[in-house]
Amino acid sequence: MFKKILVANRGEIALRIICACKDLGIQTVAVYSEADRNSLHVRFADEAVCIGPPRSADSYLNLAGIISAAEVTNVDAIHPGYGFFSENPHFAEVCEASKIAFIGPRSEVIRLMGDKNRARKAMAEAGVPVLPGSEGAISSEKEALRLAEQIGYPVIIKASAGGGGRGMRVVASEAELNASVANAQSEAAAAFGCADVYLEKFLENPRHIEFQVIGDHHGKVIHLGERECTIQRRHQKVLEESPSPSIDAETRTRVGRTVVTALEKLGYTNSGTIEFLMDPSGNLYFIEMNTRLQVEHPVTEMVTGIDLVKTQILVAAGERLEVEGDHLPMRGHSIECRICAENPETFAPSAGKVTVFHVPGGTGVRVDTAAYAECVIPPYYDSLIAKLIVQGKDREEAISRMARALDMFIVEGISTSISVHQKIMADPEFRAGRFDTGYLRKFMRNGSRRKSV
Ligand code: MV4
């Protein structure tokens with residue numbers, strides 16, 4: 001087992017990882033930027049190393065600084081959290097070469113899934129349904145036209161090196177497609193350093209559903225059910241829940257078995273998420289795989305009862321997943337609201353000093369945060385300041401607990417998205433489970449004030 005782990009991240013997720021290490025009796029090393037000197041991850045880690053100036057590029061993305069910190073503190077492993085180096089195959093390779101365990105999948109698998117076109121091909125070959133589209137990268141305008149004709153418009157052109165909504169363009173007709181391929185290729189080359197693009201059938205206002213998996217180093221992969229992540233704004237999730245109100249037990253069993261079989265074939269290790277789009281008939285199609293721990297992992301923890309971060313550490317250290325069958329059973333319902341430091345009307349970031357900070361509690365309430373009264377939210381990083389997570393015996397109980405907890409969450413000094421979540425919890429359409437990826441746009445337009453989303 002590892003004796004000491006370096007946490008290559010900040011904020012709530014750094015604290016979350018430190019908690020798991022403490023539960024396992026593992027020593028921790030924090031790394032921090034000059035803007036994060038007074039952060040709780042620095043305070044609660046056993047050791048802390050400053051790795052540079054405030055900007056992420058100079059600190060949390062300072063590869064040499066992080067590896068040096070790992071070497072001088074003599075850690076056995078690095079947990080990358082989410083964002084930063086979590087899905088960087090080069091970082092994982094450097095760890096592997098430095099004999100430091102990277103708490104995540106093997107670098108080749110990270111690289112494979114980072115190429116969205118290769119990932120689509122690999123998953124299709126392993127038996128996971130994908131949307132109709134190109135078999136590899138598109139090589140010519142002619143090929144794209146022929147394919148689009150065959151599958152029908154609208155289609156979407158995606159950059160292989162994109163993902164998470166970056167480098168996509170919807171094409172409604174043949175006339176539009178003509179200029180699109182070359183433009184998409186040069187845009188992709190400029191933005192990602194790789195010109196490869198591929199084509200898919202475009203689904204209008206789908207739902208976004210993702211399956212959580214974890215694999216050990218002995219060939220065993222299990223799934224932990226799905227998360228409903230449809231409610232997003234500009235490709236940023238706003239709230240997530242598990243189970244999805246639109247997935248039944250039969251679908252969960254069938255899709256779960258399909259993803260577990262596919263990932264066992266790929267020799268997948270550690271935590272991963274398989275993203276699907278759902279069409280109005282309830283069919284699921286693979287779009288992308290994320291090879292990291294996700295922001296929304298707590299809703300899965302609440303319904304399965306396992307500590308995912310602890311499990312990540314244990315499997316990275318070579319322990320077996322002691323589970324019969326291909327999944328863990330789920331119980332009850334969980335919802336997570338992302339509380340962001342932003343203006344709830346314009347969604348502009350709102351950095352600055354938090355003067356009052358009171359977190360809700362009570363039955364079925366969990367708050368993952370690194371904020372505290374009098375702390376300063378720096379402008380350099382992601383605006384997420386807290387995750388409010390609730391569980392209940394069913395969706396209705398979870399929603400009423402969330403509404404209660406939001407009312408008892410007090411943040412003063414900066415603006416937050418709490419009021420947006422309060423409106424969603426009160427919305428009959430949300431309560432009925434009726435929403436798609438266009439939900440927030442429609443919902444905000446129908447609200448008391450007109451807003452741009
Ligand atoms: C799509 C799509 C429709 N059809 N692919 C956006 C994020 C990235 N993971 C994939 N995305 C989409 N891919 C096809 N073939 C619509 C989206 C999409 C979306 C997906 C999930 C949640 C919110 C979204 C908002 C806009 C577009």
Side-chain angles (χ1 to χ4, degrees), residues 87-90 108-210 229-230 232-237 262 266 273-281 283-291 436-438 441 453:
E87 293 181 286
N88 184 313
H90 177 63
E108 312 93 89
V109 181
I110 300 174
R111 184 166 282 118
L112 170 67
M113 296 304 174
D115 181 331
K116 304 302 167 185
N117 172 47
R118 273 176 70 213
R120 175 181 144 89
K121 189 160 183 284
M123 292 302 257
E125 282 169 4
V128 182
V130 298
L131 284 156
S134 56
E135 248 163 57
I138 305 170
S139 49
S140 70
E141 204 89 10
K142 216 175 106 196
E143 184 193 346
L145 283 163
R146 190 177 46 74
L147 249 168
E149 184 72 26
Q150 201 182 311
I151 64 182
Y153 291 90
V155 296
I156 185 167
I157 301 175
K158 296 182 175 181
S160 294
R166 302 180 318 140
M168 314 191 312
R169 60 166 71 197
V170 180
V171 179
S173 66
E174 186 175 326
E176 261 181 56
L177 186 61
N178 277 316
S180 289
V181 176
N183 285 344
Q185 284 171 330
S186 54
E187 260 178 41
F192 313 112
C194 168
D196 288 358
V197 298
Y198 62 104
L199 192 139
E200 272 178 0
K201 172 81 192 158
F202 177 69
L203 282 185
E204 213 106 27
N205 293 332
R207 290 176 77 122
H208 173 130
I209 286 154
E210 55 186 36
C229 304
T230 296
Q232 307 196 2
R233 184 184 168 272
R234 296 198 179 154
H235 304 299
Q236 291 295 316
K237 291 165 187 161
L266 291 170
T273 296
I274 303 97
E275 289 186 16
F276 290 93
L277 294 184
M278 183 188 252
D279 70 13
S281 314
N283 300 306
L284 292 173
Y285 303 96
F286 168 80
I287 50 164
E288 288 174 22
M289 176 158 192
N290 301 321
T291 55
D436 58 30
T437 44
R441 195 165 45 236
V453 178

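Heavy atoms only: backbone and side chains are in, while hydrogens, waters and symmetry mates are out. Source: prediction; values computed, not measured.
Evaluated for a side-chain contact (heavy atoms from CB on, under 4.5 Å) with Glu200, the options Ile287, Val130, Ile157 yield exactly one hit, Ile287.
Scanning all heavy atoms of the two residues, the minimum distance from Thr230 to Pro206 falls at CG2-O, 4.2 Å. Ala148 and Leu177 make their closest contact through CB-CD2, 3.8 Å (heavy atoms, listed as atom of the first residue, atom of the second, distance). Pairing each heavy atom of His235 with each of Gly164, the nearest pair is CB-O, 3.5 Å. Between Phe276 and Phe286 the shortest heavy-atom distance is CD2-N, 3.3 Å. Residues Met113 and Ala119 share a closest heavy-atom pair of SD-CB, 3.7 Å. The two residues Gly438 and Asp436 have their closest heavy-atom pair at N-OD1, 2.8 Å.
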Check: How far apart are the C-alpha atoms of Lys121 and Lys116, what are their side-chain angles, what is the distance that settles it, and do they pass the side chain to side chain contact (heavy atoms under 4.5 Å, CB included) test?
Finding: CA-CA 9 Å; Lys121 189 160 183 284; Lys116 304 302 167 185; over 6 Å; no

Check: Arg166 and Phe192: side chain to side chain contact (heavy atoms under 4.5 Å, CB included), yes or no, with the steps?
Finding: CA-CA 10 Å; Arg166 302 180 318 140; Phe192 313 112; 3.6 Å; yes

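Side-chain atoms of Glu174 never come within 3.5 Å of backbone atoms of Glu149 as a donor-acceptor pair (strictly under, hydrogens ignored). With hydrogens and angles ignored, the 3.5 Å screen pairs no side-chain donor or acceptor of Lys158 with any backbone N or O of Leu199. Between the side chain of Asn283 and the backbone N or O of Asp279, no donor-acceptor pair lies under 3.5 Å. Looking at Ser160, its side chain never comes within 3.5 Å of a backbone N or O of Asp115 through a donor-acceptor pair. Between the side chain of Arg120 and the main chain of Ser134, a donor-acceptor pair closer than 3.5 Å is present. Checking side-chain atoms of Thr291 against main-chain N and O of Glu87 turns up no donor-acceptor pair under 3.5 Å.
Contact check on Arg118 versus Glu125 returns no salt bridge, with no Lys/Arg side-chain nitrogen under 4.0 Å from an Asp/Glu carboxylate oxygen.
Qualifying side-chain contact (heavy atoms from CB on, under 4.5 Å) partners for Glu176, counting only residues two or more places apart in sequence or in other chains: Val171, Ala172, Ser173.
Taking CG of Asn117 as the reference point, atom CD1 of Ile138 lies at 9.0 Å (rounded to 0.5 Å). If you take CD on Glu204 and CG on Leu277, they are separated by 12.5 Å, rounding to the nearest 0.5 Å. To the nearest 0.5 Å, the span separating CE on Met278 from CG on Leu203 amounts to 11.5 Å. In this structure, the separation between CD on Glu288 and CD on Glu275 is 5.0 Å, given to the nearest 0.5 Å. Between atom CG of residue Leu284 and atom NE2 of residue His208 there is a gap of 11.0 Å, rounded to the nearest 0.5 Å. In this structure, CZ on Arg233 lies 11.0 Å from CZ on Arg441, to the nearest 0.5 angstrom.
At least one side-chain heavy atom of Leu266 sits less than 4.5 Å from a side-chain heavy atom of Leu112. Side-chain atoms of Thr273 and Met289, non-hydrogen and from C-beta on, never get closer than 4.5 Å to each other. When side chains are defined from C-beta on, Met123 counts as touching Ile274, because their heavy atoms get closer than 4.5 Å.
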